[in-house]
2 protein chains.
Amino acid sequence: MFEPPTLKDIATALGLSTSTVSRALRDTYEISSKTKKLVLEYAEKINYQPNPSALSLKVRRSKSIGVLVSEVANYYFSQAISGIESIAYDRGYHVIITQTHESYDREKINIQHLASRSVDGLLVSLSAETADTSHLRDLHDKGLPMVFFDRIAEDINTHKITANNEQGAYDATVHLIKSGKRKIAHLTNSGQLSISIDRLKGYTRALQEYGITPNPNYIKHCNHGGMFYDEIESAVAEVMNLKDTPDAIFVGSDRLSVGCLSVLKNLNIGQDLIIAGFSNADVLDLFSYPLTSVRQPAFEIGQQATELLLQLIESKHPVTEFENRVIDTKLFVR
Amino acid sequence: MFEPPTLKDIATALGLSTSTVSRALRDTYEISSKTKKLVLEYAEKINYQPNPSALSLKVRRSKSIGVLVSEVANYYFSQAISGIESIAYDRGYHVIITQTHESYDREKINIQHLASRSVDGLLVSLSAETADTSHLRDLHDKGLPMVFFDRIAEDINTHKITANNEQGAYDATVHLIKSGKRKIAHLTNSGQLSISIDRLKGYTRALQEYGITPNPNYIKHCNHGGMFYDEIESAVAEVMNLKDTPDAIFVGSDRLSVGCLSVLKNLNIGQDLIIAGFSNADVLDLFSYPLTSVRQPAFEIGQQATELLLQLIESKHPVTEFENRVIDTKLFVR
DNA sequence: AACGATGTCGGGAACGATTGCACAAATTTA
DNA sequence: TAAATTTGTGCAATCGTTCCCGACATCGTT
C-alpha cells in the first residue's frame, strides 16, 4: 500500500541521522555543503516529499486554507475560486472548498469541519440564510485568521473585500431610469446579507436622485438566495401581479438574474420589461432577452482576498489594522 | 493562538490516562460504562475534536479525497462536484478540488500535490491535453485508490464511470439528420480524450446508418478543450469556410457548445444552421439561438464515482474486479 | 484462604518530522 | 604542542493519537 519515503529512509540509505537529513533539506545552516548536496540529490532521486501530517503536527501549520461559498456552480464564485487558487497554489497552499447551498446549518457544519481539519485560515462568503455569525466569531476570537469576501460579516473585525455593490446597483438603476423607466422593481437576495443591503442602498439612491419615490411593494427578497425555483417564481409573480405593474426590474444577484429571466419566459410575461442585474455569466450575449449586467471582478476579488489571508497567516505579529477593500464593478448595457 | 483541546487535556482534567480517554472515545472495548460516559460527556462539553494531523499520522488515513477536474466553472463539473460532496461529506470525508484548466503540466503538478497531501483516494477526469497517463499509473500502481469519471484513462485498470457518450452523440446526430440535415459538422474536444472518441463514434455511426459518408473535413478538434476563444473561433471558421458549407453542427462538449454559439454570433454567420451539442447548462432555454442539448447526469455520476472510490478505500481486501458503469444521457430538443 | 479468571486502566512505544543541546572532530590560536 | 574555538553531526524530546502489553483490583470458585 503506497508507502512514501521518509526522512529515516534517506538517513539509513546515506548512513546519516534523520536530524542531519532534515537540516540538509531545509535551510543550509550548520551543514557541510557535501552532505547537503548528497542529501538533496538523493531526495530528488527518490522524489521525497515530507509527510504533511507529521509536518503539520510538528509545526502546527497545515499549509491549507478553507473556502466557504454558497455554490460552486455559480458564475461569480467559480471565477472567485479560480482567483483564490491562482494565488494559493503559487504560495504553496492547498485550497479546500466547501459549499453551503445557502443553508445556515450547512454553513455551521462546514466551518466546524474546516476548523477541525486545522486549516491555517478561512476565506468566507456568508450563506443567504446566515443572520447570526457567532460560529465564525468564536473561531476568529480563538485566533483563526479569516478574510471575508463578497458577503461579509459586519461585526467581525478582519479584512473584508467586496465589489462596490452600492455603486454598481446605482449604475444599473440609473441605466434603467435613463431608458425611460420609472416603475423599477428590485428582486434581491435575503435582507440580512451585506450585498443585499448595499445594492438596495444604491438602488434607492438612484431612484431618489431622479425624483422617484421608492415603492416598498416593488422590493422582493428571496431568503434562500433563489435556491428553489418556486422562490423566485413567486417573488416575480407577486411583483408582476401588482396593479401598478413595474416596467423594469433590477435584480440583485447572479442566480436571481438568470432565474428571473427563466420565470418570465416560463410564465410568458414581461416581454416589454427591461431588466438589469448583477451577473458574472459569460453567456449573457446569447440570451434572447437582453440583460444589462453589473459584472464584478470576481477573479481579482478572489486573488486579493487570498493575498490578505496569507498575509494574516504568515504575519509574526498579531494584526490589528484591517483593510476594507472595495473594487469597482462594470456595467454592460444590453 | 487557537489551541484546541487534546486527549491529554481531557485526561488530566478527569484524572485518567490518555489511553483510557482514547478508548472511551472510540469503541466501547475494555472500558467501564461509567468512565466512558464521563469522558464522552466531558469531550462533548469542551467540544473535543481529534487532531486530524496526529490521527492521519497514526492511522495513515487522512479522511479526504482529491478531485481533479479541468474547470470548476463548467456546468458539468460543478454539478458533478456537488454530487461528489453530497456523498463524501455524509461519509465523513473531506473533498479537495483541483483544476487543470485543461493543461497537462498543471495536471501533473496537481496530482503530485494531492498525493503528497496524502489523500486517501482520487477522483479523476483527465485534462484535454493529457495523452500520457503515466503520472497517474505510477500512483495507482503504488496502491493509491483511484476512480475515473467522464474523461477516463483506458489503460489504467480501476473503476470507471461515464455517461453513454456514444449513444448520446448518436441521438443528437440522428436528431439533426431527421431535421433534414445531411451536411453535419462535428466540433469536439482533443482527439485523445475518451469522451471525444466515443462521441465521434456515435456521430459516425448515426451518419452511416442514414447513408451519409462522413466527411473528414467536417470534423474539428480543439486540443485545448476550448480554453482559448481563438481556438474555437478558428475551428468554427475553418469548417464554415469550406466550399461545401455544413448545414448543421454537432458539438462534443459543454464549453464548446456555448463557445460555438458565441463564435457564430460574433462572426454573424450560420443563422440557418441547426446545432446540437453536449451541455449541462441550465440556461439554454434562454438562448436566442436554439441549442438541442445532450445532458449528462452529472450529479449522479459524481455520486456514483464517489461511492465506488470510498468502497475501494475502505475495502480490507485488495480489489481486483472493477466496474465500468455507463449512464444514459438525455436529449433535449430545442 | 488461595487461586485463577475477568474486567479496567495506565505506561510507553510508535507514526514522521523539527530542533535545542551535547559532543566529537577539525581548525585556529597562543 | 596544548588549549581554545569552530564546525559538523547525532541524540532525544516533542507534537496528538492509537494500541500493545502489563498491572492490579475485584470476584467467584474450591
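Residue numbering restarts at 1 for every chain, and letters A, B, ... go by the order of the sequence lines.
Counting non-hydrogen atoms under 4.0 angstrom, A/Thr6 reaches the backbone sugars and phosphates but no base. When heavy atoms are screened at a 4.0 angstrom cut-off, B/Thr35 is found touching the sugar-phosphate backbone but no base atom.
Without hydrogens or angle criteria, B/Ser17 side chain to B/Thr20 main chain gives a donor-acceptor distance under 3.5 Å. The main-chain N or O of B/Ala88 is never found under 3.5 Å from a side-chain atom of B/Thr306 such that the two would form a donor-acceptor pair. Not one N or O on the side chain of B/Ser127 forms a donor-acceptor pair closer than 3.5 Å with the backbone of B/Thr100. Within the 3.5 Å criterion, the main-chain N or O of B/Leu7 finds no donor-acceptor partner in the side chain of B/Thr18.
With distances taken from any side-chain atom of B/Asn51 to the nucleotides D/dT17, C/dT18, C/dA17, the minimum falls on D/dT17. Closest to the side chain of A/Ser22, out of C/dT18, D/dT17, C/dG11, is C/dT18.
Evaluated for a side chain to side chain donor-acceptor pair (under 3.5 Å) with A/His135, the options A/Gln112, A/Glu107, A/Lys108 yield exactly one hit, A/Glu107.
Look at CG on B/Leu25: it is 9 Å from P on D/dT17, rounded to the nearest Å. The NZ-P distance, from B/Lys36 to C/dC9, rounds to 11 Å in whole Å. Per the geometry, NZ belonging to B/Lys34 stands 11 Å off C1' belonging to C/dC9, to the nearest Å. Between the CD1 atom of A/Ile10 and the C1' atom of C/dT18 there is a distance of 14 Å, given to the nearest Å. Rounded to whole Å, atom C1' of D/dG10 lies 15 Å from atom CG of A/Leu14. D/dG8 atom P lies 14 Å from atom NZ of A/Lys37, rounded to whole Å. Put simply, CZ on A/Arg61 is 14 Å from P on C/dT18, counting in whole angstrom units. Rounded to whole Å, the distance from CG on B/Leu7 to P on C/dC15 is 19 Å.
Under 4.0 angstrom from either OP1 or OP2 of C/dC9 there lies no side-chain N or O belonging to B/Ser19. For A/Tyr48, no side-chain nitrogen or oxygen approaches OP1 or OP2 of C/dG16 to under 4.0 Å. Side-chain nitrogen and oxygen atoms of A/Lys8 include at least one within less than 4.0 Å of the OP1 or OP2 phosphate oxygen of C/dC15. A sub-4.0 Å separation between OP1 or OP2 of C/dG16 and a side-chain N or O of B/Arg60 is present. Contact check, A/Arg23 against C/dT19: no side-chain N or O comes under 4.0 Å of OP1 or OP2. Distances shown here put a side-chain N or O of A/Thr20 below 4.0 Å from the OP1 or OP2 atom of D/dG10.
Side chains of B/Thr6 and B/Asn51: a donor-acceptor N/O pair is absent below 3.5 angstrom, by distance only.
When the nearest nucleotides of DNA chain C are assigned to B/Ala54 and B/Leu16 by heavy-atom distance, the more 5′-ward of the two goes with B/Leu16.
Using a 30° and 60° split on the angle between ring planes, A/Phe322 and A/His159 fall in the perpendicular class, above 60°.
Over its length, the helix from C/dA1-D/dT30 to C/dA30-D/dT1 turns its helix axis by 60°, as judged from the five terminal pairs at each end, rounded to 10°.
For A/Arg61 and A/Glu314, the salt-bridge test fails: no basic side-chain N is under 4.0 Å from an acidic carboxylate O.
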